[in-house]
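We count ligands from 1, going down the list as the structure has it; atoms in each ligand are counted the same way. If you read the sequence from its start, that first residue is 1, and numbering goes on from there.
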Amino acid sequence: MAARKVILDCDPGQDDAINQLLAMSSPDDLEILGITAVAGNVPLPLTQRNARLICDIGARPDLRVFAGREEPLQRPLVTAEYVHGANGIDGIDIYEPDHPLQEQHAVDFIVETLSAAKAGSVTLVPTGPLTNIASALQKAPDIAQSIESIVLMGGAMREGGNCTPSAEFNIYVDPQAAKIVFDCGRPIIALGLDVTHKVLATSARVDRIRALDNRAASATVGMLDFFNRYDTAKYGSLGSPLHDPCTCAYLLAPELFTEKSCNISVEVDSELTMGHTAVDYWNVTDKAHNAMWVHDVDADQFFGLLTERLARFTG
Ligand code: RIB
Ligand code: CA
């Protein structure tokens, strides 16, 4: 079976970086057409540098990294250094990688790639604010027909918000962009906090990755050791939720996840609930179903998949 064509849109971020490594570990399953960076966890100059650094660590000089939008569509940028550290992927040695940044703007790359692609042939995998994706859809609405699906990390229902009481970070940072994406008419697979909070990077799970002997695994452990400090203190949990790798894990092993067809609407008016994802899980409205809400996962199998794929890196 041919590898699935994907574009990773991200704001690395330790969890974005581990998702990128997971995608890079599986070239027979995922053909990465490009990696597009967006401002989010940290400003754009750092997210694009981090994406290039992960390409270096994963020894994938073939992959193209593009810098996208520096600011959300309408709102001022909100970042999360308090979670991810000043560099965004703190926990590993940070250096300026030789891996080049493409000159083309990420939004233009997305438009150009989808404009040339066959109908329904490209899966978008956004794990940060949806600014780049929304900008591309605004610039060239016809590109939507080339999107197979949008498998995104974002939103929250029963879990409540992680940066306001009612909003998850990726949606909160650019709610206008999220509304454009959720209303675009293409299949949306939304992996929100309800599922990501079930995949906790406990010490036993991290130690199984620590036992691997390659740069990618070592970087993953270093990032997790740093990433774990904030959420374990905040939630009193035994490890941090590995949010973004749920997207590529879903693509590689959808059978590990449980989902429900719903309407998901994004709050863009109320400051109190800005960025809230109203997931109509019980169909209490007659709104059209625009997404699959992924709400459960086999966490042990998830970490087994991640560990097995990280073991594939050599060197
Ligand atoms: O709320 C978690 C999400 O926000 C993750 O994608 C994390 O990387 C941050 O972008
Ligand atoms: Ca992210």
### Query
Strictly under 3.0 Å, is any N, O or S atom of Asn170 next to the Ca ion (ligand 2)?
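So Asn170 does not count as coordinating the Ca ion (ligand 2).
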At what distance is the nearest protein heavy atom to [atom], and which residue and atom is it?
atom	value
atom 10 (O) of ligand 1	Asn170 OD1, 2.8 Å
atom 8 (O) of ligand 1	Asp15 OD1, 2.7 Å
atom 2 (C) of ligand 1	Glu168 OE2, 3.4 Å

Identify, by atom number and element, the atoms of ligand 1 in contact range of [X], meaning under 4.0 Å from any of its heavy atoms.
X	answer
His243	2 (C)
Met153	2 (C), 3 (C), 5 (C), 6 (O)
Asn41	7 (C), 8 (O), 9 (C), 10 (O)
Thr127	6 (O), 10 (O)

Criterion side-chain contact (heavy atoms from CB on, under 4.5 Å) on Ile94 and Ile89, from CA distance to verdict: CA-CA 8 Å; Ile94 304 288; Ile89 52 172; 3.6 Å; yes
Closest heavy-atom contact between Thr47 and Val38?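 Smallest heavy-atom distance, with atoms named: OG1-O, 3.1 Å.
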field: Contact summary for Asp231 and Ser240, nearest pair of heavy atoms
entry: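 So the minimum-distance heavy-atom pair works out to CB-OG, 3.2 Å.
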Practice problem: For ring pair (Phe, Tyr, Trp, His ring centres under 6.0 Å), just list the numbers for Tyr281 and His295, CA-CA rounded to whole Å, side-chain angles, deciding distance to a tenth of an Å, and then say yes or no. | Solution: CA-CA 10 Å; Tyr281 192 87; His295 56 89; 5.4 Å; yes
Next on the checklist: Pair Arg69, Ser135 - check side-chain hydrogen bond (donor to acceptor under 3.5 Å, both in side chains), show working.
Outcome noted: CA-CA 8 Å; Arg69 294 288 300 260; Ser135 299; 2.9 Å; yes
Heavy-atom pairs closer than 4.0 Å: do any link ligand 1 to the side chain of [X], the backbone, both, or neither?
X	result
Asp244	side chain
Thr196	neither
Val83	neither

**Prompt:** Is the closest basic N to carboxylate O distance between Arg309 and Asp29 below 4.0 Å?
**Reply:**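 Yes, Arg309 and Asp29 are salt-bridged.
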- request: State plainly whether the residues Arg205 and Asp300 are in salt-bridge range, i.e. N to O under 4.0 Å.
  value: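 Yes, this pair counts.
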### Query
With the Ca ion (ligand 2) as the point of reference, which N/O/S atom of Asp244 is the closest?
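When I compare the N, O and S atoms of Asp244, OD2 is nearest to the Ca ion (ligand 2).
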Inset, instruction - State the atom name: nearest N, O or S atom of Asp11 to the Ca ion (ligand 2). - result: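 Asp11's closest N, O or S atom to the Ca ion (ligand 2) is named OD1.
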Pairwise distance OG(Ser218) to CG(Asp93) - rounded to 0.5 angstrom: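 Reported value, rounded in 0.5 Å steps: 9.0 Å.
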(request) Determine the sole option in Lys260, Arg158, Lys198 for which the salt bridge (Lys or Arg N to Asp or Glu O under 4.0 Å) test with Asp296 is passed. (result)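 When Lys260, Arg158, Lys198 are each tested with Asp296, the salt bridge (Lys or Arg N to Asp or Glu O under 4.0 Å) holds only for Lys198.
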